[in-house]
Amino acid sequence: MGRQNHAVKGMRRVDLSAVELASSETARSINRDIVLQLIRAKQPISRADLARLSGLQRSTVSQIIEQLLKERWIKEGAMAHLPRGRRPTMLHLNDDLVVLAVDIHPRQATVAMVDLNGHLLSRSTLPIGSNPAKAIESIIDCMKRIRDNHPKKSVEGIGISVPGRVDTESQRLIFAPNLHWPEFDIKHSIERGMGLHAEMENAATACLMSELWFGRMDGIRDAVLITVSEGIGAGVMTNGHLVSGQHGMAGEFGHIPLDPTGPRCACKGNGCWEMFASCHAALRYYAELEPKAKRITFHELLNLAEEGNAHALEALKMQARFLGRGLRTVTAALSPEAVLVAGDVTSAWHRFAGIIEAELAASTLAGKPPRLIPTHEGDVARLRGAAALLLQRHSMHSP
Ligand SMILES: [Zn+2]
């Protein structure tokens, strides 16, 4: 059974108290997202097939299609030739509609134009400093340049992926210990600067959205996506819904201490998981093993390992072991069917997969361990995720 059928099934299984509270507006939004996702997965597709696959009434499907055509999310294409003379008009996503995606990191930001099928039409990386107002100004300039280079595309909105947690109410970044920015209203500044609507989310949740919208999560309803870079972030889906928690703070596994006597973390705690398993931790291990070596980047560390440098190999092994060990908290808390991993470690996945899988298997309390799935290139996943924030606004969140 395909993931889209599965998503539909999930929608029907919303618990009853939630259904009673859900306004008809919410129900319409969910049905719209279901139809849109079916079109994305099965395009080109006829209205009749959409009704059959979604389980929605034909009249409901027709209403949604009219709305999506009016909003230009989809287009009518050629007519299909079926037996017995029936010639339904086929529907597909409108490639001319695009999203501007921004991925903010502690030292750099990447801006891209992404179409509804997840293709990156243009991408540009810029350095950012410790002054958020300046950084946002250069991000806006970059977005305008990219928009001007594609005059035929219609920009639907902006998706922003950030290395921290976004308060669900205020839509402000409230917890980003690795970013070192003073309080700043990122989302509304970008909206004002561009005159477009924006959605902003934690990078891990954005990556999870990307896997749901563009990816291969057939039938998985319980999953955790871990981003491994400067820190460790997590996006959580349980029973088919994204979990955000109070203030959007759910999923901070990276700041659960593995060893309270361990190194001081940017969150002011000691020995947090990310102090042992992030890419920064791997660089620290390498520096400890090779104290005279110059400071290197994580990519340089991967290259050294590829050349057979014993200390680089050992540093990565330690990182992998701690990644697997910390996942025990995740599996004990949530028992996901799948653990997805995003970030730079996926570009040398052969060095990590076996060690993490062995740790997962050793710490599984009962039943089989979760499947371990690497996502595509980290930065692409985050950019597509930022775009998916705009495409899938309602269906994965609890009503
Ligand atoms: Zn911490």
Side-chain angles (χ1 to χ4, degrees), residues 103-108 128 130 132 161-168 170 172-184 186 200-208 224-236 242-288 295 297-298 301 315-316 318-334 336 339-346 352 356 359-360 363 378 382:
D103 177 32
I104 299 177
H105 266 264
R107 278 192 207 86
Q108 68 192 48
I128 54 172
S130 56
S161 150
V162 286
R165 297 287 164 182
V166 179
D167 185 285
T168 24
S170 70
R172 280 170 177 246
L173 186 63
I174 58 164
F175 180 72
N178 294 313
L179 188 58
H180 310 295
W181 273 7
E183 222 280 326
F184 189 79
I186 300 172
M200 183 166 86
E201 256 293 0
N202 171 264
T205 307
C207 283
L208 190 53
V224 176
L225 185 140
I226 306 285
T227 50
V228 185
S229 54
E230 291 87 358
I232 290 186
V236 179
L242 291 176
V243 176
S244 46
Q246 180 171 236
H247 302 305
M249 285 293 294
E252 279 305 314
F253 291 101
H255 295 287
I256 294 179
L258 276 194
D259 173 6
T261 65
R264 183 89 165 155
C265 175
C267 78
K268 300 188 176 71
N270 284 316
C272 295
W273 182 25
E274 71 174 41
M275 294 311 293
F276 294 101
S278 66
C279 297
H280 270 184
L283 292 173
R284 192 181 70 238
Y285 298 141
Y286 177 72
E288 281 163 9
R295 281 181 61 136
T297 65
F298 188 70
L301 182 68
L316 294 177
M318 279 166 76
Q319 182 191 14
R321 226 174 286 141
F322 277 113
L323 271 172
R325 217 165 287 171
L327 280 176
R328 169 152 196 178
T329 320
V330 176
T331 52
L334 298 163
V339 171
L340 296 102
V341 179
D344 294 337
V345 292
T346 58
F352 292 90
I356 299 175
E359 288 285 343
L360 266 179
S363 70
R382 279 189 301 268

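Atoms within each ligand, like the ligands themselves, are counted from 1 in listed order.
- Around the Zn ion (ligand 1), the protein contributes the following N, O or S atoms at distances under 2.8 Å: His255 ND1, Cys265 SG, Cys267 SG, Cys272 SG.
- Test Leu258, Val228, Asn178, Ile256 against Glu274 for side chain to side chain contact (heavy atoms under 4.5 Å, CB included) and you get one pass: Asn178.
- To the nearest 0.5 Å, atoms OG (Ser278) and CZ (Arg284) are separated by 7.5 Å.
- Atoms NE2 and CD1, on His280 and Ile232 in that order, are 12.0 Å from each other to the nearest 0.5 Å.
- Between the CD atom of Glu230 and the NE2 atom of His105 there is a distance of 6.0 Å, given to the nearest 0.5 Å.
- Centroid-to-centroid, the aromatic rings of His255 and Phe175 come within less than 6.0 Å.
- Side chain of Arg382 to main chain of Ala342: no donor-acceptor pair is present (N/O by atom type, distance under 3.5 Å, no hydrogens or angles).
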